[in-house]
Peer 1: 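Provided herewith is a single structure, encoded as structure tokens, for subsequent inquiry.
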Amino acid sequence: MTRVCFVILAGTVAFASIAVAQAPAPSSQLPAPLPSITLPPELARVLRDYEKNWRAGDENALAALFTSDGFVPSNAGFVRGRDAIAGQYKDQQGELRLRAHAYAVSDTVGYIVGAYSFGADSVDRGKYLLALRRPRG
């Protein structure tokens, strides 16, 4: 059986904890979260590998999930390439939980749209979009 290997090409939300100067809106004013969906195994593996490496604080393993020309957001815009991505994720660790809302795959590209939280807290702390690329065939 051919092993499908997706790699993260880009993300739109940094998973770093960033202090926000505004007070959060009361929960009664927040829209209900979108439901989670079940991903096909090869896509679910992308999220589980990301969570595992984040929890371990292993910035090199996280960076290895990305293509050599992959991007992640930073406070200054984006960083590109595995070395820069490892630097962006240095000292990041915690009980990251990723859930998916939607996905699509066609030939060599795909995406996952979702939300993330930390620890047992089920409240979404942010959103993400992972652009994915895999080898042809």
Side-chain angles (χ1 to χ4, degrees):
M1 180 196 298
T2 303
R3 181 176 165 200
V4 177
C5 180
F6 283 87
V7 290
I8 301 168
L9 175 64
T12 61
V13 177
F15 293 115
S17 298
I18 300 171
V20 178
Q22 301 174 348
S27 59
S28 63
Q29 295 177 3
L30 297 175
L34 292 175
S36 297
I37 62 166
T38 301
L39 294 171
E42 64 272 14
L43 293 177
R45 184 178 53 82
V46 172
L47 298 187
R48 301 304 72 94
D49 287 351
Y50 195 101
E51 289 172 332
K52 176 184 73 173
N53 295 327
W54 183 276
R55 290 174 182 165
D58 190 341
E59 68 269 11
N60 293 315
L62 276 165
L65 295 173
F66 288 78
T67 59
S68 61
D69 59 346
F71 295 84
V72 296
S74 73
N75 290 337
F78 288 93
V79 297
R80 185 175 196 175
R82 289 187 184 119
D83 289 341
I85 291 168
Q88 181 69 19
Y89 286 150
K90 185 170 175 48
D91 301 324
Q92 297 300 317
Q93 188 174 15
E95 290 297 314
L96 177 67
R97 299 189 191 284
L98 302 172
R99 59 190 198 92
H101 299 309
Y103 75 94
V105 177
S106 178
D107 194 26
T108 61
V109 296
Y111 68 83
I112 304 171
V113 175
Y116 66 90
S117 62
F118 290 94
D121 185 0
S122 61
V123 176
D124 291 340
R125 297 296 175 195
K127 300 158 192 68
Y128 68 86
L129 168 63
L130 298 178
L132 306 168
R133 186 170 63 190
R134 67 178 169 184
R136 191 170 297 281

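As the structure is a computational prediction, the values presented were derived from the model and not from experiment.
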Peer 1: Kindly say whether Gly119 contributes a backbone atom to a donor-acceptor pair with the side chain of Arg97 at under 3.5 angstrom?
Peer 2: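 Between the backbone of Gly119 and the side chain of Arg97 there is a qualifying donor-acceptor contact (under 3.5 Å).
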Peer 1: Would the distance check show the side chain of His101 and the main-chain N or O of Ile37 forming a donor-acceptor pair, the cut-off being under 3.5 Å?
Peer 2: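 Not a single qualifying donor-acceptor pair exists.
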Peer 1: Give, for atom CG of Leu43 and atom CG of Leu132, the distance between the pair rounded to the nearest 0.5 Å.
Peer 2: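 Reported value, rounded in 0.5 Å steps: 6.5 Å.
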Peer 1: Could you tell me which residues satisfy salt bridge (Lys or Arg N to Asp or Glu O under 4.0 Å) with Asp58, sequence neighbours excluded, listed by chain and number?
Peer 2: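 With neighbours one apart ignored, the set is empty.
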Peer 1: Could you measure the distance from the CD atom of Glu59 to the CG atom of Asp91? Nearest 0.5 Å is fine.
Peer 2: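 Here the interatomic distance stands at 7.0 Å.
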Peer 1: Return the orientation label for the Tyr89 and Phe66 ring planes: parallel under 30°, perpendicular over 60°, tilted otherwise.
Peer 2: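 Rings of Tyr89 and Phe66: tilted, as their planes differ by 30° to 60°.
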Peer 1: I would like to know whether Tyr103 and Val46 meet side chain to side chain contact (heavy atoms under 4.5 Å, CB included); could you show each step before the answer?
Peer 2: CA-CA 12 Å; Tyr103 75 94; Val46 172; over 6 Å; no
Peer 1: Within this structure, what is the CD-CG distance for the pair Gln88 and Asn75, rounded to the nearest 0.5 Å?
Peer 2: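 Spacing of CD (Gln88) from CG (Asn75) equals 7.0 Å.
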Peer 1: Take the angle between the ring planes of Trp54 and Tyr50 and call it parallel below 30°, perpendicular above 60°, tilted in between.
Peer 2: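 It falls in the parallel class, under 30°.
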Peer 1: Are Leu47 and Leu34 co-members of a hydrophobic cluster defined by side-chain heavy atoms under 4.5 Å apart?
Peer 2: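 No; Leu47 is not reachable from Leu34 via cluster members.
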Peer 1: Donor-acceptor pair, Arg80 side chain versus Phe71 backbone, under 3.5 Å?
Peer 2: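 Here the side-chain-to-backbone pair does not exist.
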Peer 1: Mind listing the closest non-hydrogen atom pair of Ala86 and Asn60 along with its distance?
Peer 2: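 Taking every non-hydrogen atom into account, CB-OD1, 3.7 Å.
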Peer 1: Quick check on the hydrophobic clustering: are Leu65 and Leu96 connected, directly or via other members, by side-chain heavy-atom contacts under 4.5 Å?
Peer 2: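 Yes, because Leu65 and Leu96 connect within a single hydrophobic cluster, where side-chain heavy atoms sit under 4.5 Å apart.
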Peer 1: Which distance, rounded to the nearest 0.5 Å, do you find between the CG of Asn53 and the CD of Gln92?
Peer 2: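 If I round to the nearest 0.5 Å, the distance is 14.0 Å.
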Peer 1: By side chain to side chain contact (heavy atoms under 4.5 Å, CB included), which residues pair with Asp83, not counting sequence neighbours?
Peer 2: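 Partners of Asp83 by the side chain to side chain contact (heavy atoms under 4.5 Å, CB included) criterion come out as none, since no residue qualifies.
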Peer 1: Output all residues satisfying side-chain hydrogen bond (donor to acceptor under 3.5 Å, both in side chains) with Glu51, sequence neighbours left out; order by chain, then residue number.
Peer 2: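 Partners of Glu51 by the side-chain hydrogen bond (donor to acceptor under 3.5 Å, both in side chains) criterion, ordered by chain and then number, come out as Arg48.
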Peer 1: Kindly compute the distance separating CG (Leu130) from OH (Tyr111), expressed to the nearest 0.5 Å.
Peer 2: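 Going from CG on Leu130 over to OH on Tyr111, the span is 12.5 Å.
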Peer 1: What is the minimum heavy-atom distance between Asp124 and Ser117, and which atoms define it?
Peer 2: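 Smallest heavy-atom distance, with atoms named: CA-CB, 4.5 Å.
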Peer 1: Rounded to the nearest 0.5 Å, how far apart are OG1 of Thr67 and CZ of Arg82?
Peer 2: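 Reported to 0.5 Å precision, the distance equals 6.5 Å.
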Peer 1: Under the side chain to side chain contact (heavy atoms under 4.5 Å, CB included) criterion, do Val105 and Arg134 qualify, and how do the steps go?
Peer 2: CA-CA 10 Å; Val105 177; Arg134 67 178 169 184; 3.6 Å; yes
Peer 1: Check for a donor-acceptor pair, side chain of Arg99 on one end and backbone N or O of Gly114 on the other, with a separation under 3.5 Å.
Peer 2: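 The answer is no, because no donor-acceptor pair under 3.5 Å joins these two groups.
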